[in-house]
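Take a look at the structure below.
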Amino acid sequence: MRTVVAIRRLVVLAAGAATHLVVVPFMLFGLLLSFGLGMVFLFNPIALQARRLTEHVRRRTTLWSGVELAAPYHPAPPPPVPEYNGWYRVDRTLYKTPRYPAWNMRWKWLINDPATWRDFLWITLNPLITFSLLALPLLAVGYGLTSAWWLAPWTAPFGIAAAVAGLIAVPWVLLLHDRWTRILLSATRRSELQARVQSLTRARVNAADSQAAELRRIERDLHDGAQARLVAMGMTLGAAEELIERDPQAAKALLVKAREASAAALSELRQLVRGIHPPVLAERGLGDAVRAMALDTPLNVTVTVDLPERLDQPVESAAYFAVSELLTNATKHGEARNVTIDISKSGAALQITVADDGNGGADPSRGSGLRGIERRLEPFDGVLAVNSPPGGPTLLAIDLPHAFADAVPAKKPMPKWMIAVVTLCYALAWLPLFPQGIVAAVFKIGQFVESDGEIMRAWCLALYLPEFWQWPFIAFMIALGTIMYVAATVLPIWHSKERWMKEATAGRPRLGC
């Protein structure tokens, strides 16, 4: 079944390569006109069309492999902004409309992006690479099917084996094509860094805005709450001071009111401090802080916590207030009765799920408190996933992928198929590499075919083939044996690469932000 799927995908790749054969001449001719004859206005549509083609290839590669192939392009330039006089400036030239400045910025963006030229290179070379890779299994199958007829009868089993090997190699051809595609079309380190810088810049702006809003909220709460009560308490104490000699009972009543006002002001200050950073969060950690918060809500809240260690304080604070906002939404807007909160660690990630039986309909795009949660999680690369159909129930998931930065992935056992492949490669790699490869090449060079050489020749299948096929078969055997040894060595390393890299870098100092 796997081979049938691979053959169908190879047909799709061949059709795509044939399409590129038609596209490449027009693309090269357009680039020649753009830079050879100065028709630069043709470059933008050619580059954008190339990006559409490669974007389709990325989606297809992601679908087939299950591993996302991210776009490598630099962030698009922002739209032109007019100056104070309403004109748009490009270098030393002013324009009335944003049309030319926008085109110029887009042209510079496309031509200065290395990914644009890698797209052109991939589209140009893809037909050659694809048809070359397709030739490998096709030649093996074709040779295997024909050798059984025009060679000696005893070569028929070998021909059938070659045909079967060609069919088995089809998935590997797909893998090679996937690697070739990822080499040129995947995101480079530079593009990833630029995207990361843009994301961090946006997160910094959002964090600054959130901090300013938080300061305004604290100032408003102090002004309208505790400060007003303290002012009223001072006036009450002043009035009591005047009445204490003339009317002691009235002064006593005013003192009682002042004491009640001080208690209310103290309670409001405690609530304000708890809203800034709850003491239980600082002392007991995220799990106990969420449990304490659940006790203060009118809902029936079930909290499950599986955290083997404490988180960094900024991460704990962000997660705590995100859960607090979700509980508030469930109480005020969702009209829920039962809420389930699950907090757990998954590798280096902190995962939080909040489920309620409310009315549903939560949507971050409508500017609700969910957008505030996303902004709060953004500096930590956090993601908020929402599943809230109208009528409920609502399921919200928070994922902070780097919450446990020093976590080392647990060692996972190798799959059985990988163990079988490694064992088979180590056990049989010597056979094609040495007797059927290197030794056969030595005999072929020395023309060792007399007397005792005939005895040694019986071990070398290549020397029984027609003269035309002997060297290709020897080269194939040497390559096969080498590939088997490399596969037996690389597969265990590939299986444990994440853990090894984490262990290698676990002791290195990290810069805080």
Answer yes or no for R60 and W64: cation-pi contact, defined as NZ/CZ to six-membered ring centre under 6.0 Å and angle to ring axis within 45°. yes

For W117 together with F43, are the ring centres under 6.0 Å from each other? yes

Inspect the surroundings of CZ in R106 and state if more than 12 heavy atoms from other residues, nucleotides or ligands are less than 6.0 Å away. no

Validation row: F29, V24 side chains within 4.5 angstrom (heavy atoms): no

Correct closest heavy-atom pair for A115 and Y73 would be CB-CD2, 3.5 Å

Here the gap from T130 atom OG1 to H20 atom NE2, rounded to the nearest 0.5 Å, amounts to 8.5 Å

Nearest heavy-atom neighbours spanning T124 and M27: OG1-CE, 3.4 Å

F41 and P45 have their tightest heavy-atom pair at O-CD, 3.4 Å

Is any side-chain heavy atom of K345 less than 4.5 Å from a side-chain heavy atom of D306? no

Atom pair OG1/NE2 of T61 and H56 - distance to nearest 0.5 Å: 9.0 Å

side-chain contact (heavy atoms from CB on, under 4.5 Å) between I129 and W122: does it pass, once the steps are laid out? CA-CA 9 Å; I129 299 296; W122 186 89; over 6 Å; no

F120 to A47 - nearest heavy-atom pair and separation: CZ-CA, 3.8 Å

Can you list the steps and then say if Q49 with F26 is a side-chain contact (heavy atoms from CB on, under 4.5 Å)? CA-CA 12 Å; Q49 184 61 34; F26 292 98; over 6 Å; no

Any residue meeting side-chain contact (heavy atoms from CB on, under 4.5 Å) with R99, in chain and number order, not counting sequence neighbours: T97

Atom pair CG (L21) and CG (N126), whose distance is rounded to the nearest 0.5 Å: 9.0 Å

Show, in sequence, the C-alpha distance, side-chain angles and deciding distance for R118 and L185, and conclude whether the side-chain contact (heavy atoms from CB on, under 4.5 Å) test is met. CA-CA 7 Å; R118 292 197 292 131; L185 298 187; 5.7 Å; no

With side chains defined as the heavy atoms from C-beta onward, is the minimum distance between I111 and T116 less than 4.5 Å? no

Value rounded to 0.5 Å, distance of CH2 in W103 from CG in N44: 5.5 Å

With side chains defined as the heavy atoms from C-beta onward, is the minimum distance between T340 and V354 less than 4.5 Å? no

ring-ring contact (aromatic ring centres under 6.0 Å, His included) against Y100, all qualifying residues, sequence neighbours excluded: Y95

side-chain contact (heavy atoms from CB on, under 4.5 Å) with I398: which residues, sequence neighbours excluded? A322, L326, I352, L377, L384, L400

Please list, chain by chain and in numerical order, all residues satisfying side-chain contact (heavy atoms from CB on, under 4.5 Å) with P98, sequence neighbours excluded. P80, Y88

I'd like to know if the side chain of N112 reaches the main chain of K108, judged simply by a donor and an acceptor atom lying under 3.5 Å from each other, with no hydrogens or angles considered. yes

Salt bridge E55-R52, side-chain N to carboxylate O under 4.0 Å: no

Using salt bridge (charged side-chain N to carboxylate O under 4.0 Å, His left out) as the criterion, list what pairs up with R182, not counting sequence neighbours. D178

Which pairs would a plain distance check flag for residues 471-481, meaning a side-chain donor or acceptor within less than 3.5 Å of a matching protein atom at least two apart in sequence or in another chain?
none

With R179, which residues qualify under side chain to side chain donor-acceptor pair (under 3.5 Å), at least two apart? none

Under the rule for side-chain contact (heavy atoms from CB on, under 4.5 Å), what residues qualify as partners of L32, not counting sequence neighbours? none

Show me the donor-acceptor pairs, under 3.5 Å and distance only, between side chains in residues 418-431 and residues at least two apart or in other chains.
| from | atom 1 | to | atom 2 | distance (Å) |
| --- | --- | --- | --- | --- |
| T423 | OG1 | I419 | O | 2.8 |
| W430 | NE1 | A427 | O | 2.7 |

Verdict with reasoning, T353 to L396, per side-chain contact (heavy atoms from CB on, under 4.5 Å): CA-CA 6 Å; T353 58; L396 302 106; over 6 Å; no

Contact check, side chains of L53 and T19, non-hydrogen atoms, under 4.5 Å: no

Just checking F35: does its CZ atom have more than 12 heavy atoms from other residues, nucleotides or ligands closer to it than 6.0 angstrom? yes

If I take atom CD from residue Q351 and atom OG from residue S346, how far apart are they, to the nearest 0.5 angstrom? 4.0 Å

Hey, are the side chains of L433 and T482 touching, using non-hydrogen atoms and a 4.5 Å cut-off? yes

Side-chain touch V57/T181, heavy atoms, less than 4.5 angstrom: yes

Mind checking side chain to side chain donor-acceptor pair (under 3.5 Å) for T394 and listing every partner two or more places apart, or none if nothing turns up? S388

From L28 CG over to L33 CG, what is the distance, rounded to the nearest 0.5 angstrom? 11.0 Å

Any W180 side-chain heavy atom under 4.5 Å of L176 side chain: no

Can you name the salt bridge (charged side-chain N to carboxylate O under 4.0 Å, His left out) partners of R51, sequence neighbours left out? D113

